[in-house]
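Chain identifiers are assigned alphabetically (A, B, ...) following the order of the sequence lines, protein sequences preceding nucleic acid strands; residue numbering begins at 1 within each chain.
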Amino acid sequence: MTTELPVLKPADFASDQDVRWCPGCGDYSILAQMKKVLPEIGATRENTVFISGIGCSSRFPYYMNTYGMHSIHGRAPAFATGLKSTRPDLDIWVITGDGDALSIGGNHFMHIVRRNVDVNIVLFNNAIYGLTKGQYSPTSKVGSVTKSTPRGSIDYPLNPISIAVAAEASFVARTIDTNIQHLVAMLKRAAGHKGTSFIEVYQNCNVFNDGTWDYAKDKETKEQTTLVLEHGKPLVFAGGTKGIRLNGFVPEIVDLANVAQDDLLFHDEKAVNSQLAFLLSRLRYPDFPEPIGVFRDIDRPTYDEMINSQIEDAIAEKGKGELAKLFHAGDTWTVS
Amino acid sequence: MTTELPVLKPADFASDQDVRWCPGCGDYSILAQMKKVLPEIGATRENTVFISGIGCSSRFPYYMNTYGMHSIHGRAPAFATGLKSTRPDLDIWVITGDGDALSIGGNHFMHIVRRNVDVNIVLFNNAIYGLTKGQYSPTSKVGSVTKSTPRGSIDYPLNPISIAVAAEASFVARTIDTNIQHLVAMLKRAAGHKGTSFIEVYQNCNVFNDGTWDYAKDKETKEQTTLVLEHGKPLVFAGGTKGIRLNGFVPEIVDLANVAQDDLLFHDEKAVNSQLAFLLSRLRYPDFPEPIGVFRDIDRPTYDEMINSQIEDAIAEKGKGELAKLFHAGDTWTVS
Amino acid sequence: MISANDQFPPTQKPSESVSGVTVRLAGDSGDGMQLLGTQLTNTSALSGNDVATFPDFPAEIRAPRGTTAGVSGFQVQFSAQEIFTPGDGLDALVCMNPAALVTNLADLKSTGILIVNSDSFEAKDLKLAKLATNPLEDGTIDKFRTIKVPMTSLTRGAVEPTGLSVKLADRCKNFFAMGLVFWLYGRDVDPTLRFIDNKFSSKPEIAEANRLALKAGWHYGETTEDFVSTYQVPAAELEPGTYKNIMGNQALAWGLIAAAKLSGKELFLGSYPITPASDILHELSKHKHFGVRTFQAEDEIAAVCSAVGAAFGGSMSVTTSSGPGIALKGEGMGLGLILELPMIIIDVQRGGPSTGLPTKTEQSDLMMTMYGRNGESPLPVIAARSPSDCFNVAIEAWHVATRYMTPVIILSDGYIANGAEPWRIPNVSDLPEIKVNHPTEPNDGERFLPYQRDENLARPWALPGTPNLMHRVGGLEKQDGTGNVSYDPHNHQHMVQTRARKVEKVAEFIDEAKIEGSMEGTLVLSWGGTYGACHTAVESCIAEGMDVGHVHLRWINPFPRNLGQIIEQFDRVVVPELNTGQLSALIRQRFLVDARGINKIQGKPFHVNEIVDGIRAFAECAVSK
Amino acid sequence: MISANDQFPPTQKPSESVSGVTVRLAGDSGDGMQLLGTQLTNTSALSGNDVATFPDFPAEIRAPRGTTAGVSGFQVQFSAQEIFTPGDGLDALVCMNPAALVTNLADLKSTGILIVNSDSFEAKDLKLAKLATNPLEDGTIDKFRTIKVPMTSLTRGAVEPTGLSVKLADRCKNFFAMGLVFWLYGRDVDPTLRFIDNKFSSKPEIAEANRLALKAGWHYGETTEDFVSTYQVPAAELEPGTYKNIMGNQALAWGLIAAAKLSGKELFLGSYPITPASDILHELSKHKHFGVRTFQAEDEIAAVCSAVGAAFGGSMSVTTSSGPGIALKGEGMGLGLILELPMIIIDVQRGGPSTGLPTKTEQSDLMMTMYGRNGESPLPVIAARSPSDCFNVAIEAWHVATRYMTPVIILSDGYIANGAEPWRIPNVSDLPEIKVNHPTEPNDGERFLPYQRDENLARPWALPGTPNLMHRVGGLEKQDGTGNVSYDPHNHQHMVQTRARKVEKVAEFIDEAKIEGSMEGTLVLSWGGTYGACHTAVESCIAEGMDVGHVHLRWINPFPRNLGQIIEQFDRVVVPELNTGQLSALIRQRFLVDARGINKIQGKPFHVNEIVDGIRAFAECAVSK
Ligand SMILES: Cc1ncc(C[n+]2csc(CCOP(=O)(O)OP(=O)(O)O)c2C)c(N)n1
Ligand SMILES: Cc1ncc(C[n+]2csc(CCOP(=O)(O)OP(=O)(O)O)c2C)c(N)n1
Ligand code: SF4
Ligand code: SF4
Ligand SMILES: [Mg+2]
Ligand SMILES: [Mg+2]
């Protein structure tokens with residue numbers, strides 16, 4: 001007999017805590033969409049856990065009426081790995097920022113991705129350290145003038161999607177805080193994927209790095225500067241007037257007035273080899289439109305699945321462990 | 001007037017310390033080639049610094065009669081960044097292992113590479129933790145039975161070259177401990193490159209992981225299992241009988257009896273885009289021959305160059321800093 | 001530019017002379033209270049007062065508007081006497097909204113003035129502050145002299161000529177409040193006018209609006225009948241010299257720059273941002289023309305390790321952080337220690353444990369800096385006692401680091417870091433020279449012994465690039481002299497003891513402890529940022545006729561060489577600390593004296609009277625024994 | 001299989017009965033000394049002796065052959081009495097090469113037997129050991145009864161029938177030595193024959209060669225005239241029960257598995273390999289059928305954090321490391337502390353600071369485990385006193401962790417970790433039940449308060465997946481009760497004090513300290529792996545007629561509740577430690593007693609006589625005051 005589950009609403013996922021982001025921060029939209037998505041995918045509050053690091057973005061768990069952990073800077077993937085390995089029944093979301101995930105947390109990020117632990121990672125990329133009031137981050141452009149780089153930053157930025165793909169990610173996507181429908185779609189896709197799902201969200205920090213993503217968000221420019229990926233479809237943008245073609249090994253923008261759609265590069269999320277996803281990650285503004293959508297979505301056994309099946313196999317082979325048997329195995333002697 | 005420099009010999013680069021690797025360890029060959037290469041490229045003992053982390057491989061600096069630092073586990077890139085930023089005159093080599101560089105040190109590795117600090121990193125990849133007596137490493141194959149994984153490892157391995165490429169590396173190469181000529185050539189190329197040079201060396205740990213790279217080392221198999229990269233040349237192996245061609249976006253092995261060399265994929269170390277280097281990094285045994293040689297060698301300003309030119313620019317603009325001027329700038333008042 | 005004389009006429013009202021005033025400005029995080037406070041501080045300092053400040057703000061960038069969690073405060077004491085704290089009870093409290101009022105009112109003296117922005121006590125404001133009734137009407141404020149000023153509407157009116165939107169106009173409120181406060185204390189507006197010109201040079205209409213608001217506030221004071229008089233705080237009799245108002249983190253940064261110059265070194269900072277230490281990174285990054293290289297590392301571990309690398313190369317190396325970051329640096333510091341390389345590690349302490357209270361002050365990292373490394377890992381530790389003292393501490397730490405070839409830890413805290421006080425600018429020629437030698441020749445015949453020691457037990461700082469001095473260093477135990485890896489049992493014991501003795505020897509170099517006040521009776525032993533409060537408390541106890549002496553420690557490891565003797569001289573020892581008793585523990589273990597703590601762990605500095613009460617209770621209870 | 005009776009006939013020579021023997025086997029790292037030692041230990045234990053071992057090997061996997069750096073040693077004491085250490089002076093020393101001889105000879109008693117492989121004292125061997133003259137001929141060994149055995153050639157001869165190559169034949173030398181030693185002490189060869197069968201089951205020719213070598217060694221003893229008699233060590237009178245020989249790391253692993261079972265939990269280990277802690281990871285990874293999940297993390301930080309994550313989910317979480325790794329875990333441990341989640345952190349100490357002496361033992365991480373975290377971060381700390389005690393310590397630590405909802409630190413060290421002793425196998429039904437509750441209902445009407453406390457100040461361990469108990473935890477200071485983020489000053493003070501009180505309350509649960517020996521006079525206060533040496537030393541002092549009592553601490557934080565009282569009862573306190581005085585410091589600060597240290601920092605355990613001498617000196621000098 002199954003009990004009828006009460007139908008949850010977005011508001012049911014709101015905790016009683018005041019949201020403490022700056023007015024106008026892009027984080028609000030992501031929070032709102034998350035609250036919308038969870039009931040739609042049938043998530044329950046009790047089986048959902050949000051784990052974050054430290055940063056403005058990482059305050060997220062406090063605002064969700066689920067289980068949550070606001071952990072320490074950069075380490076959320078490690079907490080999530082421990083939790084998921086022991087509690088595969090839980091739906092775990094990791095919330096992180098560009099500094100949290102790629103600066104101090106770069107290694108944990110890489111390792112959770114390669115292990116394919118079944119959690120969903122949402123990286124709020126605002127190309128700045130928000131919470132510490134405006135230093136450049138690993139995704140800030142060279143030359144960024146920030147509190148710690150008055151003469152401009154000199155570190156070449158990391159490309160989060162490239163890193164995730166190189167770290168053997170099974171699911172990689174990109175979306176934008178204000179592109180609500182797309183954001184919702186990506187969150188749902190991530191939730192549906194088995195294994196580590198990684199979503200980069202372009203998020204505006206209107207206080208310390210206002211407008212970094214304007215090119216990709218503004219009504220007037222976004223058609224030219226972004227390209228919506230669709231599985232099995234050619235890479236087309238600018239309202240269907242332009243496309244991306246491979247010239248030998250080098251991508252180039254072509255005018256669809258002159259080139260047939262069939263000659264374009266076709267997207268394949270499911271490609272076993274990761275080079276297509278990697279190539280797509282290299283399309284960057286202003287030279288190319290930046291792809292949004294799912295770069296890669298493949299099947300690979302998950303870490304939590306495997307760690308647990310080793311337990312089952314061991315029990316099947318040896319029987320459930322018994323202390324007395326363990327203690328008395330091997331050489332013993334008796335004193336009476 | 002220039003003074004004639006004494007001509008140094010390999011033995012001049014040997015320190016007075018006993019080498020303490022296991023007999024038969026692949027590390028010996030790398031040490032020997034390094035001692036050979038340094039005098040040949042005109043390096044001096046006093047301007048050369050070896051910095052390592054912890055591991056069997058990381059004992060390397062003790063054996064070189066240069067300046068050296070055997071630092072802590074995984075952090076060698078950070079020490080090197082501090083040193084090179086302040087002492088661009090020095091030639092710095094970072095010596096590391098697969099555990100040191102990709103497990104505990106993965107983040108520092110990624111960040112030194114993206115910053116393009118002008119040092120040469122040599123990663124001794126033996127796909128095992130040697131010094132701690134045989135646990136699996138981030139480059140160990142899934143299913144590796146080691147001290148810590150009696151039922152086989154379940155972590156999908158990292159591909160060091162893919163990671164370096166994704167981390168925006170300007171120089172990436174691969175070679176093999178016993179392929180002496182090739183190893184020498186790669187060390188020289190790395191030394192010559194301005195910016196971070198990364199070399200992965202397949203190194204045999206004959207005690208805990210003997211034979212992992214045999215396929216790439218054995219006389220009988222290596223022609224089939226490795227492919228020597230040459231800039232501007234097509235990807236050919238098996239004694240010139242086979243090649244790699246792109247089928248759409250997917251590489252495939254072709255028989256040169258049926259396919260013309262011109263139809264093969266051509267190598268271009270200098271490609272500005274990194275997708276070719278990435279694609280090459282994905283060619284793995286047993287499906288493909290594994291490329292050895294230089295995957296990528298491009299020009300990009302180095303971190304040390306830029307940090308120092310900001311100093312020069314600031315001095316040019318403001319004059320050399322004077323304490324009295326600093327102290328008295330802005331609002332002051334005088335009590336008499 | 002407006003001429004101040006025309007537009008800000010001196011008051012016609014009677015003016016009362018007072019020896020000192022403590023003011024707190026409190027409002028929403030977005031209300032610009034920090035800016036207002038800084039201007040008031042600078043202006044007061046420029047007029048010759050001694051000043052001390054205490055900014056206090058939430059951990060969020062901008063906590064929800066109008067809530068008690070979002071209140072940002074700035075307290076300043078300016079005085080005609082030498083002062084050591086930002087004051088306890090408030091003479092004046094300016095509140096921009098109800099949340100500010102309810103969270104701050106408790107600190108207002110019964111004789112104090114309360115100034116509120118009466119426009120912001122609407123129903124919606126009360127709701128945001130979670131108040132059921134209006135504190136302006138429900139009796140809350142009855143016992144205070146309250147002046148209700150409709151600042152929002154008056155500001156809107158004042159800036160109307162600029163045509164600014166209401167939203168932007170409302171942002172000028174803090175300048176209105178500033179005008180009023182400046183008028184009340186007869187402060188000079190010139191520096192603020194200059195500040196406005198500078199800050200808003202690219203937005204002339206905003207500059208104009210702020211000037212108008214400032215003027216409106218000033219005139220409001222002069223006009224309203226609520227104020228019957230203004231207050232004048234005469235200049236303090238500070239030591240002759242040229243002064244500058246300075247904040248702790250800035251003083252630390254400047255001290256580091258100075259130490260580098262004095263030792264003929266270039267400065268390298270490896271750091272990762274963290275509150276409240278980030279401003280040292282920010283400040284240093286502005287001074288590249290001093291040869292300062294700042295490296296924003298990927299994390300704190302890389303930060304400390306990069307500093308060790310730069311130290312190996314011969315730079316003056318520094319790494320800065322706060323508690324959580326210092327916890328991460330332990331392993332790297334241990335390497336610096338065994339390599340015996342000079343460098344500086346700065347911990348600007350904040351409330352702990354874990355992420356704790358990032359924007360609040362505390363002294364709870366002392367034990368971690370003493371012991372937070374594996375193995376026997378002694379390092380010298382020095383703590384700054386005030387914002388301006390940070391300058392000296394940086395120089396002294398570097399002096400010790402190079403003389404003894406060791407990393408040195410500097411402790412500061414959030415209170416000192418963000419607090420400000422007048423700093424007597426030193427003559428550069430009076431600053432100590434810091435001699436640093438780098439060998440150029442082998443020191444043992446043909447051989448170079450990297451761990452051969454001098455009379456300070458320091459090893460030679462031989463730099464890569466020097467011919468014939470090639471050597472290898474590392475984290476494994478090393479043979480004394482050669483520096484080669486050594487597993488020899490007796491060598492290990494010798495090296496552990498040598499590293500410990502080296503730190504002890506620092507006591508030969510540093511100043512003896514000095515007693516202020518009584519030479520017997522109760523000894524108040526303090527360290528770090530509580531200096532001002534302890535000093536003031538002891539003065540006040542002495543004024544009450546109690547036998548109280550005060551020793552303030554700058555060096556905590558090693559202790560000053562005469563400390564044991566001093567402790568013996570007193571009947572009892574009391575240690576005020578913003579932790580549960582960490583220095584107490586060190587004093588107890590070293591001197592076997594029953595040191596008692598006055599402990600506060602509230603993320604806030606001491607009030608003077610908390611210490612006075614503690615001393616009194618302790619002295620009395622001891623007497624009644 | 002060879003029947004032992006036929007092939008290893010009992011000796012015809014006279015047999016001397018002795019109460020105990022200390023033997024050290026020393027050779028090159030490649031010579032198989034650890035294996036030989038382990039066999040001798042197990043066999044002795046099986047024959048009813050009490051045993052204690054001390055393996056000692058270089059940090060390199062295989063240091064250069066024949067050098068002093070490459071010497072690997074294994075010491076075992078087996079006895080007819082209860083013993084607590086692997087012995088001080090050696091009754092017998094077996095040396096496989098010159099390097100082993102020169103590095104070990106100093107420990108041989110003047111009455112001891114020296115057995116050397118005389119084949120390995122050729123010129124080339126002396127050169128590898130950097131010896132100018134042959135110690136067998138230059139007088140070095142003159143004062144010892146030396147038996148020179150050409151082991152290499154005898155082994156080659158013995159294994160010839162198998163047709164093994166010389167290289168492989170030479171590898172059987174250790175079995176030859178084993179045969180000789182077994183003969184000398186009349187040990188049973190059966191277990192070793194079983195071991196050979198098992199270990200070399202896939203290489204029958206190697207198995208056969210080893211059997212032959214073993215036999216040859218045995219017969220050599222019986223035949224050569226160098227030995228006039230054998231020695232017999234009768235069975236010890238151990239407490240009745242079934243015993244097993246156990247090493248510290250194994251006992252710790254089994255204790256953890258047992259604790260998990262006793263609390264109805266599954267075990268999660270997050271760890272990163274490091275000497276000498278790795279074997280706990282290795283051991284636990286073998287027991288997956290107990291539901292044990294082992295996660296080899298990317299580093300120590302991920303290891304501790306994964307454990308915190310698993311603890312949040314309701315597992316029995318553990319993280320293991322040694323000094324350098326524990327230094328990295330400080331920040332993560334701080335989070336576990338403020339989240340108030342139960343978990344276990346194990347530090348198997350090694351020589352420090354920094355990378356230090358990885359394969360050597362030391363007790364120098366005590367202060368780091370007490371204080372190595374930012375802010376006020378008290379955690380319970382328990383230390384194991386012997387290999388078999390590790391089992392109990394694991395269970396007790398988990399009991400405290402769950403009862404008080406706090407991470408607990410376990411200290412072990414390299415000496416205990418690799419040392420072995422007989423372990424009386426407990427009846428599973430005698431082990432304590434560890435009750436763990438997880439709430440299923442709100443605890444405050446409709447609300448769930450994650451930080452509501454019980455009588456132990458423990459908060460409820462509510463698990464994700466439980467409806468209606470959703471809550472968020474984090475590293476910012478939290479309001480007591482609700483667990484919401486709170487910057488309230490008084491709440492912070494309350495929480496800091498509550499976390500401290502919780503650790504203090506553990507003293508209510510743990511055993512009182514027990515005094516062994518005298519109830520007055522000199523108190524020897526020890527902790528951790530020095531138990532055996534201290535116990536034996538105190539016994540010996542008492543035998544000498546001195547007034548000495550002994551308290552060995554397992555819990556160091558908190559101290560047992562009667563410790564202060566005990567200390568008062570004695571005239572003086574002496575604290576033997578393998579560090580510069582870390583427990584001393586804690587005792588001094590807490591009890592204001594002039595505790596003096598007996599300190600050894602040589603990477604080696606105490607010799608009993610070092611402690612006896614220390615106690616004597618201290619007691620006498622105190623008397624002469
Ligand atoms: C160990 C440690 N180091 C540093 C900090 C300070 N810190 C907090 S958040 C942050 C960076 C935040 O940037 P990001 O992850 O991009 O998040 P955002 O605030 O932009 O959302 C830093 C450096 C910390 N809390 N802990
Ligand atoms: C902080 C810290 N953690 C762990 C260790 C132990 N440790 C030393 S080397 C090593 C791994 C070595 O593997 P790798 O880098 O592949 O080097 P290899 O020995 O194989 O050359 C580990 C885990 C350590 N020394 N320090
Ligand atoms: S600082 Fe930026 S990222 Fe942080 S809350 Fe404000 S707008 Fe958002
Ligand atoms: S353990 Fe392996 S890697 Fe280490 S020295 Fe021996 S053979 Fe080389
Ligand atoms: Mg960010
Ligand atoms: Mg390795």
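Only the side chain of A/Y303 comes within contact range of chain D, with heavy atoms under 4.5 Å apart. Interface remark: A/N65 contributes backbone and side-chain atoms alike to the contact with chain D (heavy atom separation under 4.5 Å). Looking at D/V428, only its side chain comes within 4.5 Å of chain A, counting heavy atoms on both sides. Looking at A/L90, only its side chain comes within 4.5 Å of chain D, counting heavy atoms on both sides. Neither the backbone nor the side chain of D/E237 comes within contact range of chain A; no heavy atoms are under 4.5 Å apart. Using a 4.5 Å cut-off between heavy atoms, D/A258 touches chain A through backbone and side chain atoms alike. Neither the backbone nor the side chain of D/A311 has a heavy atom closer than 4.5 Å to any heavy atom of chain A. Heavy atoms of D/S317 lying under 4.5 Å from chain A are absent altogether. Proximity to chain A (any heavy atom under 4.5 Å) is shown, for D/T466, by both the backbone and the side chain. In this structure, the portion of D/I425 lying under 4.5 Å from any heavy atom of chain A is its side chain and not its backbone. Contacts between D/L469 and chain A at a heavy-atom distance below 4.5 Å involve backbone atoms as well as side-chain atoms. Neither the backbone nor the side chain of D/P450 comes within contact range of chain A; no heavy atoms are under 4.5 Å apart.
The most heavy-atom pairs under 4.5 Å with chain A, out of D/I301, D/L238, D/V292, come from D/I301. Chosen from D/G474, D/G475, D/G314, D/A303, the residue pairing most often with chain A at heavy-atom distances under 4.5 Å is D/G474. Interface remark: of the candidates D/E239, D/K261, D/E331, D/E331 forms the most heavy-atom pairs closer than 4.5 Å to chain A. When A/S52, A/P77, A/A316, A/A329 are compared by the number of non-hydrogen pairs under 4.5 Å with chain D, A/A329 comes out ahead. Considering only heavy-atom pairs separated by less than 4.5 Å from chain D, the leading option among A/E312, A/H73, A/R115, A/M110 is A/R115. Taking D/L335, D/N245, D/V304 one by one and counting their heavy-atom pairs under 4.5 Å with chain A, the maximum is reached by D/L335.
In this structure, A/F327 and D/K244 have side chains that are not in contact, with every pair of non-hydrogen atoms separated by 4.5 Å or more. Using a 4.5 Å heavy-atom threshold, the side chains of D/L463 and A/Y67 count as separate. Annotation: side chain of D/M470 is not in contact with side chain of A/F13 (no heavy-atom distance under 4.5 Å). When side chains are defined from C-beta on, D/L476 counts as touching A/R59, because their heavy atoms get closer than 4.5 Å. Residues A/I315 and D/F290 have side chains not in contact (no heavy-atom distance under 4.5 Å, counting atoms from C-beta outward). Looking at A/H108 and D/D299, their side chains come closer than 4.5 Å, going by heavy atoms from C-beta outward. Considering only heavy atoms from C-beta on, D/F295 stays 4.5 Å or farther from A/S85 through its side chain.
In this structure, D/S306 OG and A/K84 NZ are separated by 16.0 Å, a value rounded to the nearest 0.5 Å. Between atom CZ of residue D/R472 and atom CE of residue A/M64 there is a gap of 9.0 Å, rounded to the nearest 0.5 Å. To the nearest 0.5 Å, the span separating NZ on D/K265 from OG1 on A/T86 amounts to 10.0 Å. Taken from CD1 in D/I257 to CG in A/L323, the straight-line distance is 8.0 Å, to the nearest 0.5 Å. Atom OG1 of A/T332 and atom CD1 of D/I246 lie 12.0 Å apart (nearest 0.5 Å). Atoms CD and CG, on A/E46 and D/N468 in that order, are 7.0 Å from each other to the nearest 0.5 Å.
The minimum heavy-atom distance linking D/H287 with A/L326 is given by the pair CE1-CD1, 3.2 Å. Taking all atoms of both residues into account, the shortest heavy-atom contact from D/F312 to A/V49 is CE2-CG1, 4.0 Å. Residues D/P191 and A/D331 share a closest heavy-atom pair of CB-OD2, 4.5 Å. Closest of all the heavy-atom pairs between D/Y487 and A/R20 is CE1-NH1, 3.6 Å. When all heavy atoms of D/P464 and A/R87 are compared, the closest pair comes out as O-NH2, 2.7 Å. Closest non-hydrogen pair, D/G313 versus A/L83, comes out as CA-CD1, 3.3 Å.
A parallel orientation is assigned to the rings of A/W333 and D/Y243, their planes being inclined by less than 30° (bins at 30° and 60°).
Judged purely by distance below 3.5 Å, without hydrogens or angles, the side chains of D/H289 and A/E317 never pair a donor atom with an acceptor atom. Side-chain contact, A/N308 with D/R293: a donor N or O sits under 3.5 Å from an acceptor N or O. Looking only at atom types and distance, the side chain of A/T334 has a donor-acceptor partner in the side chain of D/T242 under 3.5 Å away.
More than 12 non-hydrogen atoms from other residues, nucleotides or ligands lie less than 6.0 angstrom from NZ of A/K318.
Looking at residues two or more places apart in sequence or on another chain, you find no side chain to side chain donor-acceptor pair (under 3.5 Å) involving A/H328. With sequence neighbours left out, A/Y62 forms a ring pair (Phe, Tyr, Trp, His ring centres under 6.0 Å) with A/H70.
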